[in-house]
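Everything on this sheet refers to the single structure shown next.
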Amino acid sequence: MHTMRKSAYKSGVAGKSNALKSAARARRFRRRLLAWYYAHKRDLPWRENRDPYRIWLSEIMLQQTRVAAVVGYYAKFLQRFPSVEKLAAAREESVLAAWSGLGYYRRARMLHAAAKVLVKAHGGIFPNTSEDLKKLPGIGRYTAAAIASIAFAQPVAVVDGNVERVLQRIAGREISGEHLWEEAQAILDPSQPGEFNQAMMELGATVCVPGQPLCHSCPVHSSCATRGPRQSAGKALRLRKREISYMLRRKSGSFFLVQRAKNAKLMPGMWELPELADKQFGKSKALLVLRHSITVTDYRVKVVEDITPEVVLNPSTGKWIQEGRLAQLPLTGLTRKILRSLKML
DNA sequence: CATACGTGGAT
DNA sequence: TATCCAAGTAT
């Protein structure tokens with residue numbers, strides 16, 4: 001049996017929620033939500049068991065990433081790194097290669113770093129409390145609570161984007177910062193925290209969605225103060241626009257690729273097609289033009305055939321890579337997308 | 001507390 | 001086409 005830390009859930013024990021004003025209402029909410037969850041939950045691969053390694057991996061992959069995008073990566077990653085020991089023993093480049101295309105590559109580096117800590121300092125055994133899990137690289141407050149509740153049944157609530165939206169709609173008002181965590185903890189069913197947390201997120205992801213929520217299908221609509229769209233507090237951040245061109249050099253089954261600087265802020269150490277100097281955009285015939293956005297910039301991307309190499313920005317870091325080796329290399333998502341568009345991957 | 005970090009599907 | 005935004009974390 002694991003040790004509970006008072007600080008981790010003290011605010012919830014009294015069951016004081018502003019969103020659900022009485023204990024009776026909170027109980028009804030829990031009962032209806034969980035009944036709905038058991039009947040409607042999606043059959044997802046990380047719900048097969050409570051293996052903390054599998055739960056952990058799923059939670060890291062799901063950070064800011066849709067379920068649909070994760071499912072395929074999850075299966076392949078588990079096949080490649082079936083245990084925390086295997087992951088810890090791997091080279092970082094292999095881990096990044098398995099992550100290539102999923103985005104937010106820092107997650108993969110921190111996952112790898114955390115695996116090494118787990119094996120070296122914890123004998124490969126996962127801490128079973130939110131507080132201790134949070135000490136590992138890449139595990140913040142949300143992920144720590146998710147793993148602790150799902151894998152170890154620790155009664156700690158999670159707050160992610162889904163839970164935040166559900167709580168706001170239920171309460172019918174803005175809730176922010178620490179108050180969100182207090183509300184979530186107050187509503188949590190402490191007897192089945194992992195299922196309850198997942199039920200809240202499932203509701204937010206499939207019913208209580210942004211925009212037009214499916215209130216007619218909602219198991220807790222009678223508890224809800226909003227029952228409809230919220231006024232969006234839209235903080236539309238403008239994407240910068242930029243043009244960029246890459247060169248495709250191909251020779252007897254090999255591609256010429258360059259490695260990004262190890263200390264680059266964006267995708268350090270990952271491999272991509274050689275980039276051409278800015279002024280080269282539009283000067284030669286495009287093999288392919290596509291759009292691609294990377295965090296805060298919206299790129300118009302042009303891929304040209306092999307032309308004068310002196311306009312290549314960073315040729316010295318380049319290498320000829322055999323076609324068959326591409327899968328083992330940490331390619332950027334954009335490079336992957338380009339090669340796939342050209343049927344070369 | 002604001003910002004950067006990737007990508008692709010939904011609206 | 002343009003914008004939103006998804007099971008967040010680190011700085």
Side-chain angles (χ1 to χ4, degrees), chain A residues 37 41-42 44-47 54-74 96 99-111 113-114 133-151 157-166 176-178 180-181 184 194-206 208-213 229 232-241 260 264-268 270 272 290-301 330-338 340-341:
Chain A
Y37 178 67
K41 69 177 176 180
R42 291 168 290 178
L44 300 173
W46 45 89
R47 289 179 176 163
R54 295 173 56 105
I55 304 297
W56 171 48
L57 178 63
S58 74
E59 290 300 338
I60 300 297
M61 283 191 167
L62 286 163
Q63 288 170 3
Q64 295 291 286
T65 308
R66 291 176 190 282
V67 165
V70 167
V71 171
Y73 278 88
Y74 184 75
L96 284 170
W99 206 271
S100 169
L102 195 56
Y104 285 140
Y105 299 99
R106 194 166 51 186
R107 293 183 296 176
R109 297 174 202 279
M110 291 188 297
L111 185 84
L133 285 161
K134 195 173 180 305
K135 294 171 183 165
L136 293 166
I139 299 187
R141 187 172 182 180
Y142 161 80
T143 304
I147 299 170
S149 63
I150 297 170
V158 300
V159 175
D160 74 332
N162 291 308
V163 174
E164 175 172 352
R165 185 172 55 255
V166 170
S176 63
E178 192 59 28
L180 281 166
W181 292 89
E195 300 299 297
F196 182 89
N197 279 335
Q198 292 185 80
M200 287 286 280
M201 295 190 281
E202 190 89 350
L203 187 72
T206 63
C208 195
V209 294
Q212 286 293 331
S232 63
K235 48 166 183 183
L237 63 106
R238 285 254 170 272
L239 283 186
R240 295 174 43 195
K241 295 185 193 305
R260 299 177 60 83
K265 291 198 171 164
L266 190 67
M267 300 176 279
M270 298 189 69
E272 60 188 355
L290 51 80
R291 281 172 21 100
H292 188 78
S293 57
I294 298 177
T295 63
V296 294
T297 307
D298 191 9
Y299 291 92
R300 202 158 70 92
V301 180
L331 303 176
T332 67
L334 175 52
T335 296
R336 186 168 292 282
K337 188 197 244 180
I338 290 169
R340 208 183 322 129
S341 302

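Each chain gets a letter, A, B and so on, in the order its sequence line appears, and its residues count up from 1.
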#### Entry: Gap between atoms CD1 and P, on A:I60 and C:dA6 respectively (whole Å)
19 Å
### Query
On a whole-Å scale, what distance lies between the P atoms belonging to B:dC5 and C:dA7?
22 Å
### Task
Give a yes-or-no answer on whether the side chains of A:Y142 and A:Q63 include a donor-acceptor pair shorter than 3.5 Å.
no
### Message
Just verifying a value: how many Å separate A:W56 CH2 and A:L133 CG, rounded to the nearest 0.5 Å?
### Response
10.0 Å
### Message
Please compare A:K241 and A:L62 by the position of their nearest nucleotide in DNA chain C and report the one closer to 5'.
### Response
A:K241
### Query
Between the main-chain N or O of A:M61 and the side-chain N or O of A:R107, is there a donor-acceptor pair closer than 3.5 Å?
yes
### Message
Considering every strand and a 4.0 Å limit on heavy-atom distances, what is the contact class for A:W46: base, sugar-phosphate, or nothing?
### Response
base
So which protein N/O to nucleotides 9-11 of chain C N/O distances come out below 3.5 Å?
unit_1	atom_1	unit_2	atom_2	d
C:dT9	OP1	A:G140	N	2.7
C:dT9	OP1	A:G140	O	3.4
C:dT9	OP1	A:T143	N	3.1
C:dT9	OP1	A:T143	OG1	2.7
C:dT9	OP2	A:Y142	N	3.4
C:dT9	O2	A:R106	NH2	3.3
C:dA10	OP1	A:G138	N	2.6

### Message
Tell me the interatomic distance from A:R165, atom CZ, to C:dC5, atom C1', rounded to whole angstroms.
### Response
9 Å
What N/O pairs connect the protein and nucleotides 7-11 of chain B at under 3.5 Å? Give each pair on its own line.
unit_1	atom_1	unit_2	atom_2	d
B:dT7	OP1	A:Y105	OH	2.9
B:dT7	OP1	A:G333	N	2.4
B:dT7	OP2	A:H292	NE2	3.1
B:dG8	N2	A:R66	NE	3.3

### Query
What integer distance in Å separates A:D298:CG from C:dC4:P?
12 Å
### Query
Taking CZ from A:R107 and P from B:dC5, how many angstroms apart are they, rounded to a whole number?
15 Å
### Query
Between A:R260 and A:E272, is there a donor-acceptor pair closer than 3.5 Å when you use the side chain of the first and the backbone of the second?
no
### Query
With rounding to whole Å, what would you report as the distance between C:dC4 and B:dT3 at their P atoms?
15 Å
### Query
Which part of the nucleic acid, if any, lies within reach of A:L44 when heavy atoms closer than 4.0 Å are counted: base, sugar-phosphate only, or nothing?
base
### A:I150 vs A:E59 side-chain heavy atoms within contact, under 4.5 Å
yes
### Message
How many whole angstroms separate atom CG of A:N162 from atom P of C:dG8?
### Response
7 Å
### Message
Keeping A:S341 on the side-chain end and A:K337 on the backbone end, is there a donor-acceptor pair under 3.5 Å?
### Response
yes
#### Entry: Any donor-acceptor pair under 3.5 Å from A:Y74 side chain to A:R54 backbone
yes
### Task
Please measure how far the P atom in B:dG6 lies from the corresponding atom in C:dT3, and state the result in whole Å.
23 Å
### Task
Take atom CZ of A:R291 and atom P of C:dC4, then tell me their distance rounded to the nearest Å.
13 Å
#### Entry: Distance-minimising heavy-atom pair for A:G204 and A:N162
C-OD1, 3.3 Å
### Task
Write down the distance between CG (A:L111) and P (B:dC5), rounded to a whole number of angstrom.
21 Å
## Note on the structure
So CG of A:L331 and CZ of A:R340: to nearest 0.5 Å the spacing works out to 10.5 Å
### Query
Which part of the nucleic acid does A:G211 contact within heavy-atom distance under 4.0 Å: base, sugar-phosphate only, or nothing?
nothing
#### Entry: Spacing of A:L266 atom CG relative to B:dA4 atom C1', expressed in whole Å
9 Å
### Query
Do A:T332 and A:L266 have side-chain heavy atoms sitting under 4.5 Å apart?
no
